[in-house]
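Just so you know, ligand 1 is whichever comes first in the structure, and atom 1 is the first atom listed for that ligand.
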Amino acid sequence: MQKQTIQKVAIIGGTHGNELTGVYLAKKWIADNTEVQRENFAIEIFYANPEATDIMKRYVNQDLNRSFALADIQNPTLTNHEQTRAKELNTKIGPKDAKNPAYDFMIDMHSSTSNLGTNIIITDNDPYSLLVAGLMQEKDPSITITIGFEDRMEQPYITSLTPHAITLELGPIPQGVLRADTLKKMKDAMQNALDVIEALNNTDDFPDMSLSVYEMKRTLDYPKDANGNIIATIHPDREGGEFAEIKVGDPLFMDFDENTIYYEGDPAYTYFINEAAYYEKGIACMLVEKKVINI
Ligand SMILES: [Zn+2]
């Protein structure tokens with residue numbers, strides 16, 4: 001693929017206020033960024049939503065990481081806390097629709113209550129971002145890569161502010177909790193990403209690559225009654241089964257009388273199982289498909 005040189009990397013923590021791994025690493029690196037500095041590109045750390053962390057919630061008024069669609073950040077009538085913050089971050093990091101935004105790469109640090117391990121999400125069909133993810137996976141084969149491509153201008157995610165970006169999702173860890181092992185895993189993933197970008201800036205050899213990824217297909221909601229009350233939760237055999245195959249007849253949910261509800265649908269792999277933040281979104285788990293893509 002074509003050589004790409006990265007000039008400025010935006011490192012984001014606390015896009016979700018109660019995902020403390022990213023919050024505290026952002027604070028640490030704002031105080032002293034030696035650990036994340038590199039020779040051949042500039043970095044800046046952004047603590048995305050401190051007001052949400054102050055109340056130890058994902059957000060104040062609405063999910064910040066669903067507030068970056070171009071039409072929304074350009075709409076002057078949208079003025080709640082996160083809508084305003086999205087506009088500020090767009091001015092500092094983008095502008096999103098600029099030919100040369102202030103930053104050309106973003107790493108956004110998240111954590112999950114689901115058993116994700118170290119997972120990279122890429123939502124833009126961008127060969128450079130995919131190459132970074134692939135080279136990170138070569139260095140650390142435990143890393144998984146999930147793709148779900150959408151038009152960058154329409155995407156509501158913070159990563160859509162820059163032309164190239166990855167989201168890091170680490171789990172499982174509860175909301176509002178810090179753990180040394182998760183902090184270490186996030187630091188390792190960050191060092192890996194920054195090392196890969198630094199090495200790519202130093203070479204003209206941009207390899208063609210085959211990537212093993214999981215592609216987002218659809219979401220499944222919890223079984224609910226006519227009033228919208230949840231009547232079953234994830235089956236114990238499926239709990240923690242990130243990237244495990246699921247096929248017709250496999251246990252998926254268990255109701256409160258301990259009756260099993262079985263999966264009906266095409267074979268797939270389960271992802272983001274029982275994520276605490278997704279109850280309000282009506283998502284019990286996501287279904288992904290395993291595939292190989294060439295970049
Ligand atoms: Zn998050």
Side-chain angles (χ1 to χ4, degrees), residues 10-29 45-69 72 80-83 85-86 89-90 93 106-124 129 133 143-148 150 155-162 165-179 181-183 185-190 193 214 216 219 240 242-243 270-286 288:
I11 297 171
I12 318 284
T15 299
H16 293 133
N18 56 8
E19 297 176 4
L20 293 188
T21 310
V23 167
Y24 278 87
L25 287 178
K27 288 188 185 193
K28 173 181 177 359
W29 293 330
I45 324 296
F46 295 88
Y47 178 10
N49 200 350
E51 294 80 4
T53 307
D54 288 345
I55 55 171
M56 204 45 76
K57 290 207 153 66
R58 184 174 175 87
Y59 54 78
V60 177
N61 296 126
Q62 68 173 50
D63 193 334
L64 178 62
N65 210 27
R66 302 292 183 276
S67 305
F68 290 91
D72 290 346
N80 76 25
H81 172 68
E82 276 78 15
Q83 289 164 340
R85 186 65 177 141
L89 289 165
N90 177 56
I93 297 170
M106 181 187 292
I107 309 171
D108 186 25
M109 298 182 286
H110 290 254
S111 57
S112 171
T113 64
S114 302
N115 185 29
L116 294 178
T118 301
N119 176 235
I120 299 171
I121 302 176
I122 295 182
T123 52
D124 191 32
S129 306
I143 289 175
T144 52
I145 303 167
T146 308
I147 59 169
E150 300 168 45
Q155 282 180 39
Y157 318 113
I158 191 169
T159 47
S160 68
L161 290 180
T162 54
I166 58 171
T167 299
L168 295 174
E169 278 285 1
L170 263 67
I173 184 165
Q175 298 177 334
V177 168
L178 279 171
R179 285 176 53 130
D181 54 355
T182 309
L183 283 161
K185 263 165 61 173
M186 185 67 88
K187 280 206 263 179
D188 288 349
M190 284 295 306
Y214 295 90
M216 287 195 239
T219 62
E242 259 60 32
F243 306 110
T270 43
Y271 177 57
F272 268 118
I273 300 165
N274 210 355
E275 160 58 50
Y278 289 170
Y279 277 69
E280 67 177 26
K281 296 184 197 294
I283 298 173
C285 75
M286 295 186 186
V288 291

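- To the nearest 10 degrees, the angle centred on the Zn ion (ligand 1) between ND1 in H16 and OE1 in E19 reads 110°.
- Aromatic ring orientation, F272 versus Y278: tilted (interplanar angle from 30° to 60°).
- Contact annotation: E169 places no N, O or S atom under 2.8 Å from the Zn ion (ligand 1).
- Here the closest heavy-atom approach between residue V23 and residue G17 is recorded as CG2-O, 3.9 Å.
- Residue L20 holds its CG atom at 7.5 Å from CD1 of I173, rounded to the nearest 0.5 Å.
- Residue-level check: among N/O/S atoms of H110, ND1 sits closest to the Zn ion (ligand 1).
- E82 and N49 form a side-chain donor-acceptor contact under 3.5 Å, judged by distance and modelled atom types alone.
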